[in-house]
J.: 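Following this message is one structure expressed as structure tokens.
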2 protein chains.
Amino acid sequence: MGIKKIAKLADVSISTVSRVINAPEKVKEETRERVQKIIEENNYRPNLLAKELLKNKTNLIGVLLPRIDVSIFATAVEGVAKTLNEKGYNILLANAREKVEEEIKYFQLFQEKRVDGILFFTTELKDEHIEIIKKIDVPLVIIGQKNRRIDVPSVLYDYYNASKKAVEYLIERGHKKIAFLGVPETNTYLGQLSKEGYLDALEENGISIKKEYMYIGDFAVGTGYTAIKHIIEKSKEIPTAIYAATDHLAITAMHYLYEKGIRVPEDMSIVGSDDMEISKYTNPALTTIKYDYFGAGVQAANLVLDKVEGKSGVLKTVVIDYTLQERDSTKRIK
Amino acid sequence: MGIKKIAKLADVSISTVSRVINAPEKVKEETRERVQKIIEENNYRPNLLAKELLKNKTNLIGVLLPRIDVSIFATAVEGVAKTLNEKGYNILLANAREKVEEEIKYFQLFQEKRVDGILFFTTELKDEHIEIIKKIDVPLVIIGQKNRRIDVPSVLYDYYNASKKAVEYLIERGHKKIAFLGVPETNTYLGQLSKEGYLDALEENGISIKKEYMYIGDFAVGTGYTAIKHIIEKSKEIPTAIYAATDHLAITAMHYLYEKGIRVPEDMSIVGSDDMEISKYTNPALTTIKYDYFGAGVQAANLVLDKVEGKSGVLKTVVIDYTLQERDSTKRIK
DNA sequence: TTGTAAGCGTTATCAC
DNA sequence: GTGATAACGCTTACAA
């Protein structure tokens, strides 16, 4: 029992205690001090549940993501956390471990816990998602995907242009035999767009596309190793350059090249995508596309707060910019 | 308005609606189905705030950590999340961005939000922490530190023995000139213990300690680079091996060696500590100490749940084991 | 099998 | 300045 106990001890009504906490200026100094003292002596903390129930406002944002131990999500959440906390909101973290049923479960939970808004990080939008999202009337922002069947603000990465630019960068340096290490296309935005960027860059430069230079792996860390091994073993002509859709792919591919004595960048150029913290320190340092994941988190948080706080004219889709970080993993040839 | 609306629409009392949700077997099938249908038609979700207020139980665990975008924390949180979710608990995430005031603020918030338990990940226990922790009567588990002034269950990593073992491993391979790349000692457990392990290993093997072989950096990613640069430039005799207290230190040190044309392991052996996902793919693959961070999260979650659910005989301190992952970054000499 | 009503800990309205 | 009281949306005796 909280405020009632304090009221009794201080010999005032609960309204006065409430005022001491929320509007101290409305209470006579003497009373205020007496009540304040008792609050501190008893280490009293107001029960926010009661307040939240009454006000129908929790200052809680549900953050749903596939995994937290993947740096692109962790970094974005860092941006989310900073932004939300500055504005007095907190995070209900839901780690769905890449299971759709878990995600659905969490959408229910978010509603029952009466979160003020939802940030949904995902690599895939399935029918089940669409269906439940249509029903939810809590402010929602999706990060990493977009679907025309639902009208929800999104934060997206410019994977298409980034990939195209990365491949053009290699082409400008004389490369024509360029391998592509990708991720599954179920992941519309990264999987599909990075592949399209690669294909269009080749096409626009009059380079014919070779299926044997393309390998679609998954998100497991070691995939790049398998991918480039496969390409090198199966190709008649070994490529002179690699474009990898993630830095994990690039770094683990480099490890295979190292094992085989294929030197980077002398024998093989490589461009990654992500710019993980560690990519600056690979040997050689990896040239890669840098996305502002932290900034994406900040923007997503701001988008959802705008909706929560009823600001009109909310921007619907934010596209996160990219930059090419030139380092030492590519070489000009011919 | 929730349950009341449903009750009216179904022409039953709110208790019946409540029963349909919580104890359907107590309701006549016919009534149950009618109510259920109306619940679904209206997409009704019970308000957990009301229930939590009444029951004084939120099934929420406050997770306080310095940063989420550091793999050792993110991995541990993955373990925490899995364990908590399996048992029906959720995470209120508090990212304190390494500021003590923020941490204090979150301890307050946790109390006001009536979390059932708290998981406190930290690299440092200051007086302010001790003070507030003494006052809190919510079940609490500390991960990464221990202080004899407070009697709180802890999950610790066996940094001392792990470091000693890593250094002994180098000594067994003929190394006597071994550099140490450390982290600040304010971080009792990692900073101090890893240094002590290093010093004791040398001492017990009759190797004299050289100050010039030791460099205490910080947690920034690039520190290893600066550290080994400093040691190599200032030492009369260049060391033949390095033990680094984190993989970040090790990997960025390797990058410096690469730039200088110092070959690993031919000219310099190196052992790290953490076994990050990527460490298997450095060139050469990094020999390092592996800690089970995921398991630490699981154990911490279980500890706090045991306290929350009032199980007696709670284990007070859990020490997380380590293993040495032998890979290709060390060489036997002489 | 179902309904009534008290109570969880607050805030807010209105009176004194 | 201060106090009584209704209300927030639920669960749970207890009564019917």
Side-chain angles (χ1 to χ4, degrees), chain A residues 1-39 42-60 88 108-116 137-138, chain B residues 1-39 42-60 88 108-116 137-138:
Chain A
M1 210 177 308
I3 204 168
K4 236 181 259 179
K5 189 180 86 183
I6 301 297
K8 189 167 288 176
L9 289 173
D11 197 32
V12 292
S13 73
I14 60 168
S15 336
T16 299
V17 179
S18 178
R19 280 187 204 104
V20 170
I21 295 164
N22 300 301
E25 71 284 0
K26 290 187 181 169
V27 180
K28 190 165 40 161
E29 196 180 332
E30 188 196 314
T31 327
R32 191 194 334 144
E33 281 170 2
R34 181 159 42 94
V35 174
Q36 193 63 52
K37 201 173 149 225
I38 294 182
I39 287 179
N42 291 65
N43 198 26
Y44 164 74
R45 302 267 166 240
N47 185 332
L48 276 182
L49 293 173
K51 182 176 180 172
E52 291 169 357
L53 173 62
L54 190 61
K55 299 243 189 156
N56 197 27
K57 176 107 172 66
T58 55
N59 278 38
L60 206 54
Q108 313 278 25
L109 180 79
F110 285 168
Q111 293 180 81
E112 298 184 356
K113 286 268 193 189
R114 297 297 192 263
V115 299
D116 290 339
D137 61 353
V138 178
Chain B
M1 211 177 307
I3 205 169
K4 235 180 264 178
K5 190 180 85 185
I6 302 297
K8 187 169 288 175
L9 288 173
D11 197 30
V12 293
S13 74
I14 59 168
S15 5
T16 300
V17 179
S18 178
R19 282 188 204 102
V20 170
I21 295 164
N22 301 301
E25 72 283 0
K26 292 187 182 169
V27 179
K28 188 166 43 158
E29 195 180 332
E30 186 196 315
T31 326
R32 189 185 344 136
E33 279 170 3
R34 182 159 39 95
V35 174
Q36 194 62 52
K37 197 171 152 226
I38 294 185
I39 286 179
N42 291 65
N43 198 26
Y44 164 74
R45 302 266 167 243
N47 186 332
L48 276 184
L49 293 174
K51 181 174 181 174
E52 292 169 356
L53 174 61
L54 190 62
K55 300 248 191 152
N56 198 27
K57 176 106 170 69
T58 54
N59 279 38
L60 206 54
Q108 314 278 24
L109 179 79
F110 284 168
Q111 294 179 80
E112 298 184 355
K113 287 268 193 188
R114 297 296 191 261
V115 298
D116 290 338
D137 62 353
V138 178

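Chain A is the first sequence line, chain B the second, and so forth, proteins listed ahead of strands; every chain is numbered from 1.
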J.: Compute the bend angle of the helix from dT1(C)-dA16(D) to dC16(C)-dG1(D) from the end axes (five pairs per end), rounded to 10°.
T.: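 Comparing the first five pairs with the last five, the axes sit 40° apart.
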J.: Are more than 12 heavy atoms, taken from residues, nucleotides or ligands other than D11(B), located less than 6.0 Å from that residue's CG atom?
T.: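 No, not enclosed.
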J.: Scan the side chains in residues 45-56 of chain A for donor-acceptor partners under 3.5 Å anywhere in the protein, sequence neighbours excluded, and list what turns up.
T.:
residue: R45(A); atom: NE; partner: Q108(B); partner atom: OE1; Å: 3.1
residue: R45(A); atom: NH1; partner: Q108(B); partner atom: OE1; Å: 3.3
residue: R45(A); atom: NH2; partner: N43(A); partner atom: OD1; Å: 3.3
residue: R45(A); atom: NH2; partner: Q108(B); partner atom: OE1; Å: 2.8
residue: N47(A); atom: OD1; partner: L49(A); partner atom: N; Å: 2.8
residue: E52(A); atom: OE2; partner: K113(B); partner atom: NZ; Å: 2.7

J.: Apply salt bridge (charged side-chain N to carboxylate O under 4.0 Å, His left out) to K5(A) and list each qualifying residue two or more places apart in sequence or on a separate chain.
T.: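 Here no residue qualifies.
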J.: Side chains of residues 17-29 of chain B: which donor-acceptor partners sit under 3.5 Å, not counting sequence neighbours?
T.:
residue: S18(B); atom: OG; partner: N22(B); partner atom: ND2; Å: 3.4
residue: N22(B); atom: ND2; partner: S18(B); partner atom: O; Å: 3.1

J.: Less than 4.5 Å apart, side chain to side chain, heavy atoms only: is that true for Y44(B) and I38(B)?
T.: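 Result no, sub-4.5 Å side-chain heavy-atom pair not found.
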J.: dG3(D) phosphate, OP1 or OP2: any side-chain N/O from T16(A) under 4.0 angstrom?
T.: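 Yes.
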J.: Sequence neighbours left out, what passes side-chain contact (heavy atoms from CB on, under 4.5 Å) with N59(A)? Give chain and number order.
T.: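 For N59(A) the side-chain contact (heavy atoms from CB on, under 4.5 Å) partners, ignoring immediate neighbours, are K57(A), Y89(A), D116(A).
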J.: Not counting sequence neighbours, which residues clear side-chain contact (heavy atoms from CB on, under 4.5 Å) with K4(B)? List them please.
T.: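 M1(B), I14(B).
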J.: Can you sort out the partners of Q36(A) under side-chain hydrogen bond (donor to acceptor under 3.5 Å, both in side chains), two or more places apart, ordered by chain and number?
T.: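 For Q36(A), the residues satisfying side-chain hydrogen bond (donor to acceptor under 3.5 Å, both in side chains) (neighbours in sequence not counted) are E40(A).
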J.: Of all residues at least two apart in sequence or in a different chain, which pass the side-chain hydrogen bond (donor to acceptor under 3.5 Å, both in side chains) check with S15(B)?
T.: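 S15(B) satisfies side-chain hydrogen bond (donor to acceptor under 3.5 Å, both in side chains) with S13(B) only.
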J.: Reading DNA chain C 5' to 3', which nucleotide is the first, and which the last, to come under 4.0 Å of any heavy atom in chain A?
T.: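 So the outermost contacting nucleotides come out as dC8(C) to dA12(C).
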J.: When every nucleotide of nucleotides 9-15 of chain D is labelled 5' to 3' by its protein contacts under 4.0 Å (heavy atoms), B for base, S for sugar-phosphate only, - for none, what sequence of letters results?
T.: BBBBB--
